[in-house]
Amino acid sequence: MQNEHQIFGIRAVIEAINAGKEIDKVFIQKEAQGDLMQELMKTLKKNNVNFSYVPVEKLNKLSKFNNHQGAVASIAPIKFVTMEELVEGVLENKQNPLFLILDQLSDARNFGAIIRTAECTGVDGIIIQKQGSAPVNGDTVKTSAGAVFNIPICKVDHIKDAVFYLQGSGITTVAATEKTENNIYDIDFTKGIAIIMGSEDKGVNPSVLKIVDEKAKLPMFGTISSLNVSVACGAFLYEAVRQRL
């Protein structure tokens, strides 16, 4: 069974994936078993579909009056682009593109708020990881004020793959992290740049920090040592805007 944004039932989810539906994430009931569930898991892994295990209460809430059978899939309201389509398409028309990489950002509302700011600041594309990233769902669309429909979004297997690809394309990668002495205002944002923002709880992955070109932090003067990721992202993007004016 299906509504505008979700598919309910194990067989329905399997068929949707095999039919090439743009599945954003699949929620699987914890400890669910059976031959059909095993087939679903094989299909998810074969097609590299993002999934997570959740309590049955979560599925009941998602499906309301529909029989979920232990599986609910979230249909993406947008079509994702490939890394090659995004980068090559932008570089054909722009010498100093501005990309945004979100390293396993998990909150849909933070994601939506960031998309909204990114669209307002002229970001040319957003790159996320297939596994562990916030879904593009109704909350994302609403919080982005519809901006999600106006900016290309790309999914990659690993954030490091995106970093290497961008570097090979002449794009400087800048990670937002407090683990540096470099100030955001010392970075040159006028050239081709990809800003990397980390997850809400862990920040940018240490393995990613090892390969980026630059690291930068925001000056902090209060007793609280961190900002909400969407706020911090806005500060980075508007510094890029300021330098490019």
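Position 1 is the first residue of the sequence, and the numbers go up from there.
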Side-chain donor/acceptor of Asp24 to backbone N/O of Ser74, under 3.5 Å: no
From CA spacing to verdict: side-chain contact (heavy atoms from CB on, under 4.5 Å), Lys130, Val156: CA-CA 6 Å; Lys130 290 179 180 177; Val156 294; 6.0 Å; no
Side-chain donor or acceptor of Gln129 paired with backbone N/O of Lys155 under 3.5 Å: no
Rounded distance [0.5 Å steps], OG in Ser52 versus NZ in Lys30: 9.5 Å
Backbone N/O of Gly70 and side chain of His68: donor-acceptor pair under 3.5 Å: yes
Under 3.5 Å: donor-acceptor pair, side chain of Asp103, backbone of Asn205: yes
Heavy-atom neighbours of Ile224 CD1 exceed 12 at 6.0 Å: no
Those residues that, when tested against Phe51, pass ring pair (Phe, Tyr, Trp, His ring centres under 6.0 Å) (two or more places apart): Tyr53
Lys/Arg N to Asp/Glu carboxylate O, Glu181 vs Lys215, below 4.0 Å: no
Single hit among Thr173, Ile159, Ile211 for side chain to side chain contact (heavy atoms under 4.5 Å, CB included) with Phe164: Ile211
From OG1 (Thr121) to CD1 (Ile195), nearest 0.5 Å: 8.0 Å
Residue pair Arg244 / Pro97: nearest heavy atoms and the distance that separates them: NH2-O, 3.4 Å
Residues, nucleotides or ligands: over 12 heavy atoms within 6.0 Å of Lys61 NZ: no
Exam field: side chain Asn137 to backbone Thr140, donor-acceptor pair closer than 3.5 Å: yes
Contact check, side chains of Ile28 and Met37, non-hydrogen atoms, under 4.5 Å: yes
Smallest separation among heavy atoms of Ala216 and Ile187, with atom names: CB-CG1, 3.7 Å
Backbone of Thr43 reached by a side-chain donor or acceptor of Asn47 within 3.5 Å: yes
Lys/Arg-Asp/Glu bridge criterion (N-O < 4.0 Å) met for Glu39, Lys42: no
Result of checking Ile7, Leu44, Leu40 against Ile14 for side chain to side chain contact (heavy atoms under 4.5 Å, CB included): Leu40
Test side-chain contact (heavy atoms from CB on, under 4.5 Å) applied to Val148 and Ile153, step by step: CA-CA 8 Å; Val148 68; Ile153 299 178; 3.9 Å; yes
Any donor-acceptor N/O pair, Glu85 side chain to Thr82 backbone, under 3.5 Å: yes
Heavy-atom neighbours of Asn48 CG exceed 12 at 6.0 Å: yes
Gln29 CD to Lys58 NZ distance, which is reported to the nearest 0.5 Å: 14.0 Å
Under 3.5 Å donor-acceptor, Asn110 side chain and Ser106 backbone: no
Backbone N/O of Leu98 and side chain of Asp124: donor-acceptor pair under 3.5 Å: yes
Approximate separation, where rounding is to 0.5 Å, of Ile115 CD1 and Leu102 CG: 8.0 Å
Distance, nearest 0.5 Å, that separates CD of Glu88 from OG of Ser169: 7.5 Å
Approximate separation, where rounding is to 0.5 Å, of Ser144 OG and Phe111 CZ: 9.0 Å
